[in-house]
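Beneath this line is the structure, given in structure tokens, with notes to follow.
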Amino acid sequence: MTLLLYAGLVLVSLLLSAQSAHVLYLMLYTWDQPDAEQKAKAPDAFLPPRLSFSVMLPARHEEDVIQTTIERVVRADYPPELLEVFVICSADDAGTIAKAEEKIDELEREGMHNVEVVVFDDRPINKPHGLNAALPHTSCDVVTIFDAEDDIHPAIFDLVNTVMTQDEVNVVQSGVQLMNYQSTWYSALNVLEYFFWFKSRLHYHALEGAIPLGGNTVFFKRELLVRLGGWDEHNLTEDADLGLRVSVAGERVRVVYDDRYVTKEETPPTLGHFMRQRTRWSQGFMQTLSKGTWKQMPTRKQRWLAFYVLAFPHGQALLGLYLLVSLGMMFFLKVPVLVALVSWLPVLMLMAHFVTQAVGLYEFTDAHGLQASPKAVLRMAIAWYPYQLVLAYAALRAMRRQMTGRNDWEKTQHVGAHRTQASEANSHVA
């Protein structure tokens with residue numbers, strides 16, 4: 001019995017170590033490949049505007065942020081006649097509808113008539129259903145989604161117009177970046193997850209043709225969206241699901257991450273909101289895994305990569321349990337030296353992840369005119385272990401919800417903290 005326990009411990013340790021090493025490779029992919037980072041950047045010059053864009057802004061209880069987002073989209077550096085904007089709301093969200101219509105009235109007094117509200121009054125009340133409800137209203141060449149709190153770069157449409165035209169692709173995923181890295185104890189770690197995901201990891205997935213797309217700042221040729229049937233309304237990560245369906249269709253996805261042109265967002269304002277958001281993402285990946293779209297991919301490598309990323313929340317839950325068990329073993333269980341050394345390999349890999357993220361913090365802040373400090377790194381170090389446990393708990397919570405058949409949409413609150421961060425950075429520069 002003891003030998004079986006030791007063998008099981010060694011096997012789990014080796015599997016978790018291999019998985020952690022692979023994640024670390026993906027985090028560093030664009031830095032490791034000589035030309036990957038250069039390919040990921042925006043073009044040096046933009047082509048004249050040619051494509052037209054239908055912008056979807058799904059919003060629910062976003063009274064605090066929706067007007068600023070509408071303003072930023074319609075004031076983008078792109079011909080207004082090539083832009084149309086749809087604010088998408090459920091009929092019971094009177095507050096957001098009122099704020100959006102107030103902004104639309106203001107814009108119409110200035111002669112701008114390219115924004116409207118699309119209201120749906122049926123279920124499910126969630127983002128993918130809202131997107132499907134609004135899709136028939138769109139008429140432009142390209143359909144894109146921004147979240148209600150997004151700060152887009154004014155040149156984002158010029159960028160995508162150029163990339164889609166030059167590279168002859170039907171899907172472009174541009175960068176999304178959380179900004180308020182000092183707001184809470186977990187903010188910096190959350191910010192850096194986005195940093196490495198969009199700056200590095202998604203480029204690998206795009207290259208291999210098995211990419212779980214991001215939920216916003218993703219651009220589709222409208223014809224492709226219609227052909228694929230829009231979004232899965234019962235999937236909690238409709239973006240990842242659609243990305244894999246795009247991959248199955250054989251469409252090449254161009255990922256662009258250039259620090260200058262990222263869409264800026266905020267970390268969830270409270271631990272409860274963060275945990276519910278991460279639960280939703282984990283359960284959505286589990287749903288997409290069970291759905292089995294990934295099995296239709298043409299090559300074994302694509303199928304394996306899609307399976308691997310979709311099964312990641314299960315590994316995250318296992319890692320959290322493993323960390324607790326490893327701590328307990330340190331104090332209460334005596335094992336052979338070799339077994340003890342092997343059991344610490346996943347912990348050492350997590351330390352390597354932390355060092356990589358600490359370096360990433362300085363690169364992120366330098367790119368956005370912010371300032372990192374040894375104190376910020378120390379806060380990250382203190383938060384590191386609790387953060388892993390929170391992620392593991394969210395994954396376990398997602399597993400429980402999935403097994404009990406609960407798939408309601410848990411809303412994440414937005415308070416505009418990234419806009420406060422930008423104002424402080426501008427004040428510091430001035």
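The residues of the chain are indexed from 1 along the displayed sequence.
- Electrostatic pairing of Glu410 and Arg397 counts as a salt bridge here, judged by a charged N lying under 4.0 Å from a carboxylate O.
- Checked against the 6.0 Å centroid threshold, His203 and Tyr29 do not count as a close aromatic pair.
- Looking at Gln177, its side chain never comes within 3.5 Å of a backbone N or O of Lys199 through a donor-acceptor pair.
- By the 4.0 Å N-to-carboxylate-O rule, Arg254 lies too far from Glu168 to be salt-bridged with it.
- Listed for the Gln388 side chain is no donor-acceptor partner under 3.5 Å among the backbone atoms of Tyr385.
- Residues Phe274 and Tyr387 place their aromatic rings such that the two centres sit under 6.0 Å apart.
- When atom types are taken as modelled, the side chain of Gln357 and the backbone of Leu192 share no donor-acceptor pair closer than 3.5 angstrom.
- Checked by atom type and distance alone, the side chain of Thr165 never pairs as donor or acceptor with a backbone atom of Thr162 at under 3.5 Å.
- There is no side-chain donor-acceptor pair under 3.5 Å between Thr263 and Asp150.
- Of the possible polar contacts, none joining the Ser54 side chain to the Val143 backbone as a donor-acceptor pair under 3.5 Å is found.
- Ring pair Phe196/Trp31: centre-to-centre distance below 6.0 Å.
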Open item on the list: If you apply the rule side chain to side chain donor-acceptor pair (under 3.5 Å), what do you find for Ser187 with Thr184, and how did you get there?
Closed with: CA-CA 5 Å; Ser187 289; Thr184 62; 2.6 Å; yes
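- Using a 4.0 Å cut-off between charged side-chain N and carboxylate O, Asp147 and Lys127 make a salt bridge.
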Task: Check against side chain to side chain donor-acceptor pair (under 3.5 Å), Asn216 and Glu265 - done: CA-CA 11 Å; Asn216 72 75; Glu265 292 188 349; 2.5 Å; yes
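- Within the 3.5 Å criterion, the main-chain N or O of Ser17 finds no donor-acceptor partner in the side chain of Ser20.
- A salt bridge does not link Glu238 with Arg245: every distance from a Lys NZ or Arg NE/NH1/NH2 to an Asp or Glu carboxylate oxygen is 4.0 Å or more.
- Side-chain rings of Tyr257 and Phe198 stay apart, their centers remaining 6.0 Å or farther from each other.
- Pairing each heavy atom of Tyr261 with each of Ser174, the nearest pair is O-OG, 4.4 Å.
- Under the 30°/60° scheme for interplanar angles, the aromatic rings of Trp294 and Phe307 are found to be tilted.
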Task: Worked verdict on Thr288 versus Asp241 for side chain to side chain donor-acceptor pair (under 3.5 Å) - done: CA-CA 6 Å; Thr288 309; Asp241 169 74; 4.7 Å; no
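- Ring geometry for His22 versus Tyr308: interplanar angle over 60°, hence perpendicular rather than tilted (30 to 60°).
- The ring of Phe312 has its center no closer than 6.0 angstrom to the ring center of Phe285.
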